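Reviewing the structure listed below.
Please read these numbers as outputs of a predicted model, since none were measured by experiment. Because only heavy atoms are used, hydrogens play no part in the values below, and waters and symmetry mates are left out as well, while side chains stay in.
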Amino acid sequence: MKEKVRILLPEQEVDQRIAEIAKQISDDYAGKEVHLICVLKGAVFFMCELAKRITVPVSMDFMSVSSYGNDTKSSGVVKIVKDLDEPLDGKNVLIVEDIIDSGRTLSYLMEILEKRNPASLRLCTLLDKPERRISQVVVDYTCFNIPDEFVVGYGLDYAQRYRNLPFIGVVEFSD
């Protein structure tokens, strides 16, 4: 099966929206430090670009949670592959995600992290597919709501490929 990638959101539009969200986060956390938690691997590109534009003090940690494997649909089984290096007690935590689809992974992750006593816990995503939601999660910062298509680029992958595309694209398959 052949595949090609069609541009959904061009690089300039993605960069502009990240700058807007970073300003909103900076305003919301004025006078405070924000602790970003990157959900690996997909959110790395987004978190780096976001962090560069946030004007309040930032600290970071990384967590790897999987529910996809090498498929285009979530398996529904959430697995923590890498846990955080630092405790969250008293920190203003902002989970940074690449995409929210069914909401299962983030619902599970929010529940786990809430038990670690952060001062606050919010969620920021590059992409959201709200019509696919199975588990409800409150998304505090969303760059783009997108249609129900399989997307790649800007950190998102298909079988570990296409992460390095500087735009958000849709994978289209043909014979």
* Structure fact -> Closest non-hydrogen contact found for Glu11 with Phe167 is N-CB, 3.8 Å
* Candidate pair Arg116 and Asp89, rule side-chain contact (heavy atoms from CB on, under 4.5 Å), full reasoning -> CA-CA 6 Å; Arg116 297 183 185 185; Asp89 292 311; 5.7 Å; no
* To do: State yes or no: do Val137 and Ile80 share one hydrophobic cluster built from I, L, V, M, F, W and Y residues joined by side-chain heavy-atom distances below 4.5 Å, directly or via other members?
  => yes
* Audit row: Phe150, Val152, side-chain contact (heavy atoms from CB on, under 4.5 Å) steps and yes/no -> CA-CA 7 Å; Phe150 193 80; Val152 294; 4.1 Å; yes
* Asked: With a 4.5 Å heavy-atom cut-off, do Ile100 and Lys129 have their side chains touching?
  -> no
* To do: In plain terms, say whether Lys91 and Glu86 are close enough for a salt bridge, that is, a side-chain N and a carboxylate O under 4.0 Å apart.
  => yes
* **Atom CD of Glu131: over 12 foreign heavy atoms under 6.0 Å** => yes
* Between the main-chain N or O of Tyr154 and the side-chain N or O of Arg163, is there a donor-acceptor pair closer than 3.5 Å? -> no
* Structure fact -> Closest non-hydrogen atoms of Ser26 and Val56, given as atom of the first, atom of the second and distance, are O-CG1, 3.6 Å
* So do Glu13 and Gln16 actually touch side chain to side chain, heavy atoms under 4.5 Å? -> no
* To do: Grab the two heavy atoms, one from Phe45 and one from Gly155, that are nearest each other, plus how far apart they are.
  => CD1-CA, 3.4 Å
* Is there side-chain contact between Val5 and Ile7, with heavy atoms separated by less than 4.5 Å? -> no
* Mind listing the closest non-hydrogen atom pair of Glu149 and Leu8 along with its distance? => OE1-CD1, 4.4 Å
* Asked: If you draw a 6.0 Å radius around NZ in Lys82, do more than 12 non-hydrogen atoms from other residues or ligands fall strictly inside?
  -> yes
* To do: Indicate yes or no for a side-chain donor-acceptor contact from Asp140 to the backbone of Leu123 under 3.5 Å, with no hydrogens or angles considered.
  => yes
* Aromatic centroids of Tyr158 and Phe173 separated by under 6.0 Å -> yes
* To do: For the residue pair Asp157 and Gln160, establish whether any side-chain heavy-atom pair is separated by less than 4.5 Å.
  => yes
* Flag side-chain contact, heavy atom, 4.5 Å: Arg133 against Asp128 -> yes
* Taking side chain as C-beta onward, heavy atoms only, is Tyr29 less than 4.5 Å from Asn92? -> yes
* To do: Take Glu3 and Tyr162, measure what side-chain hydrogen bond (donor to acceptor under 3.5 Å, both in side chains) needs, and give me the verdict at the end.
  => CA-CA 11 Å; Glu3 58 197 58; Tyr162 305 118; 2.6 Å; yes
* Side-chain heavy-atom pair Val65, Val81 within 4.5 angstrom cut-off -> no
* State the CD-CE distance between Glu97 and Met63, to the nearest 0.5 angstrom. => 11.5 Å
* Do Val39 and Ile95 have side chains that get closer than 4.5 Å, going by heavy atoms? -> yes
* Asked: If you take all heavy atoms of Cys143 and Arg17, which pair is closest and at what distance?
  -> O-NE, 2.9 Å
* Structure fact -> When rounded to the nearest 0.5 Å, the distance separating CD1 of Ile37 from CG of Leu109 is 7.0 Å
* Structure fact -> CD of Glu114 to CG of Leu88, rounded to nearest 0.5 Å, is 10.0 Å
* Asked: Step by step, would you call Met110 with Leu121 a side-chain contact (heavy atoms from CB on, under 4.5 Å)?
  -> CA-CA 8 Å; Met110 297 285 281; Leu121 182 62; 4.1 Å; yes
* Does the pair Asp101/Arg104 count as a salt bridge with the N-to-O cut at 4.0 Å? -> no
* If you measure from CG on Leu94 to CG on Leu36, what distance do you get to the nearest 0.5 Å? -> 5.5 Å
* Structure fact -> For Ser135 and Ser107 the tightest heavy-atom approach is CB-CB, 3.8 Å
* Is it true that Glu49 and Arg53 have a side-chain N and a carboxylate O under 4.0 angstrom from each other? -> yes
* Structure fact -> Taken to the nearest 0.5 Å, the spacing of Ile18 CD1 from Leu50 CG works out to 7.0 Å
* Nearest-0.5 Å distance, CG of residue Leu127 to CD1 of residue Ile146 -> 4.5 Å
* Please report the C-alpha distance between Leu113 and Leu84 in whole Å, then the side-chain angles of each, then the deciding distance to 0.1 Å, and finally whether the side-chain contact (heavy atoms from CB on, under 4.5 Å) criterion is met. => CA-CA 10 Å; Leu113 297 182; Leu84 299 172; 3.8 Å; yes
* **Ionic contact status for Asp28 with Lys23, cut-off 4.0 Å** => no
